[in-house]
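Everything below concerns the one structure shown next.
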Amino acid sequence: MPSFDTVLEADFVEVKNAVDQVAREIGTRFDFKGTSAAIELKDKEITLFGDADFQLSQVEDVLRNKLTKRGVDARFLDVGKVEKVGGDKVKQVVKVKNGISTEDGKKIQQALKGSKLKVQGAIQGDAVRVTGAKRDDLQAAMALIRTELKDLPLSFDNFRD
């Protein structure tokens, strides 16, 4: 039976390159000279450092611009709360989404069931496998998933005929 996998994966090579570019830009920009503005990447978390909330928002804006230029969707970023580090310094943790959560997987399954298409969705770890009898049904299911879950940058892999 024809099938495909719905996945949520960022290109981490491009994310790392974008973070490196942001770090270089922070070092050279005039408005960041002599401040504690910095950025670092550990596993799937990007940590932004700054002197004030305004400076954090500037670093985040530079990060979003670099990610967009490198072809990584900004919807992959899950921005956390601003935390005080010590004195007047602040930090913010930005998580890079990877894998479909179970509640989003259930939303995809409900959308497929309610659409009257002859396809089935099955949650498999952090992906959702959609199977159907015809390729046309699967293509219609792809379009439906894209319109139902606009806030997630989903991609479709492993298309089997």
Side-chain angles (χ1 to χ4, degrees), residues 3-112 121-130 141-160:
S3 67
F4 68 87
D5 291 339
T6 305
V7 295
L8 179 73
E9 291 179 348
D11 187 1
F12 278 100
V13 173
E14 294 297 332
V15 171
K16 184 179 182 312
N17 289 339
V19 169
D20 290 342
Q21 284 182 339
V22 171
R24 257 184 272 128
E25 185 167 330
I26 287 172
T28 58
R29 269 182 48 174
F30 179 75
D31 55 342
F32 290 133
K33 290 277 189 206
T35 64
S36 65
I39 186 169
E40 67 180 30
L41 175 68
K42 284 187 182 173
D43 295 328
K44 294 177 178 146
E45 289 185 348
I46 302 169
T47 308
L48 311 175
F49 298 97
D51 289 336
D53 294 347
F54 176 71
Q55 197 171 53
L56 280 182
S57 66
Q58 284 182 321
V59 174
E60 182 185 343
D61 187 42
V62 172
L63 175 65
R64 287 183 187 274
N65 287 338
K66 296 296 182 189
L67 284 172
T68 305
K69 284 182 182 177
R70 300 203 65 86
V72 178
D73 199 329
R75 293 179 291 178
F76 280 114
L77 299 181
D78 186 17
V79 181
K81 295 189 303 186
V82 176
E83 305 168 12
K84 292 255 186 213
V85 175
D88 58 348
K89 309 276 189 267
V90 290
K91 79 172 188 175
Q92 187 173 27
V93 176
V94 179
K95 292 182 180 164
V96 181
K97 294 179 189 174
N98 192 27
I100 297 175
S101 65
T102 54
E103 61 189 39
D104 290 331
K106 289 179 183 178
K107 285 180 189 175
I108 292 171
Q109 282 184 319
Q110 292 298 323
L112 291 173
I123 299 174
Q124 295 182 341
D126 56 356
V128 177
R129 172 150 303 158
V130 180
M142 284 182 191
L144 175 75
I145 291 170
R146 279 198 181 111
T147 57
E148 289 290 322
L149 297 166
K150 291 181 180 156
D151 57 335
L152 295 176
L154 297 172
S155 60
F156 305 105
D157 288 348
N158 206 9
F159 194 91
R160 302 272 167 98

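The basis for the numbers below is simple: all heavy atoms, side chains too, and nothing from hydrogens, waters or symmetry mates.
Residues Leu8 and Asp126 form no side-chain contact, since every pair of their non-hydrogen atoms from C-beta on lies 4.5 Å or further apart. By the 4.5 Å heavy-atom criterion applied to side chains, Ile145 and Phe156 are counted as neighbours. Under the 4.5 Å side-chain criterion, counting only non-hydrogen atoms from C-beta, Arg70 is in contact with Gln21. Using a 4.5 Å cut-off on side-chain heavy atoms (C-beta onward), Val130 and Met142 make no contact. A 4.5 Å side-chain heavy-atom check between Leu67 and Leu77 finds at least one atom pair inside the cut-off. The shortest distance between side-chain heavy atoms of Asp104 and Leu154 does not fall below 4.5 Å.
Surrounding NZ of Lys44 are at most 12 heavy atoms belonging to other residues, nucleotides or ligands under 6.0 Å away. Enclosure of atom CG in Asp157 by more than 12 non-hydrogen atoms of other residues, nucleotides or ligands within 6.0 angstrom is indicated.
The minimum heavy-atom distance between Ile123 and Gly105, with the atom names listed, is CD1-C, 3.8 Å. The shortest non-hydrogen separation linking Lys89 to Ser36 is CD-OG, 3.2 Å. Here the closest heavy-atom approach between residue Val59 and residue Ala37 is recorded as CG2-CB, 4.4 Å. Phe76 and Ala10 get closest at one heavy-atom pair: CE2-N, 3.6 Å. For Asp31 against Gln55, the heavy-atom pair with the smallest separation is O-NE2, 4.3 Å. Across Pro153 and Asp73, no two heavy atoms sit closer than the pair CB-OD2, 3.5 Å.
Atom CG of Leu63 sits about 13.5 Å away from atom CD of Gln58, to the nearest 0.5 Å. Note that the OG atom of Ser57 and the CD atom of Gln92 stand 8.5 Å from one another [nearest 0.5 Å]. Between the NZ atom in Lys91 and the CZ atom in Phe49 there is a gap of 5.5 Å [rounded to 0.5 Å]. To the nearest 0.5 Å, atom CD1 of residue Ile100 and atom CG of residue Asp5 are 9.0 Å apart. If you take CG on Leu149 and CZ on Arg75, they are separated by 10.0 Å, rounding to the nearest 0.5 Å. With rounding to the nearest 0.5 Å, the separation of CZ in Arg129 from CZ in Phe4 is 10.5 Å.
Salt bridge present: Arg64 and Glu60 bring a charged side-chain N and a carboxylate O closer than 4.0 Å. Ion pair Asp20/Arg24 not flagged as a salt bridge, since none of the NZ, NE, NH1 or NH2 atoms sits closer than 4.0 Å to an Asp/Glu carboxylate oxygen.
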Point to revise | Residue pair Thr47, Lys42: steps toward the side-chain contact (heavy atoms from CB on, under 4.5 Å) verdict | key: CA-CA 8 Å; Thr47 308; Lys42 284 187 182 173; over 6 Å; no
Point to revise | Worked verdict on Val62 versus Ile26 for side-chain contact (heavy atoms from CB on, under 4.5 Å) | key: CA-CA 9 Å; Val62 172; Ile26 287 172; 5.9 Å; no
Exercise for review: Kindly indicate, with the supporting measurements, whether the criterion side-chain contact (heavy atoms from CB on, under 4.5 Å) is fulfilled by Ile46 and Val15.
Suggested key: CA-CA 10 Å; Ile46 302 169; Val15 171; 4.1 Å; yes
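Phe159 is linked by a ring pair (Phe, Tyr, Trp, His ring centres under 6.0 Å) to nothing, counting only residues two or more places apart in sequence or in another chain.
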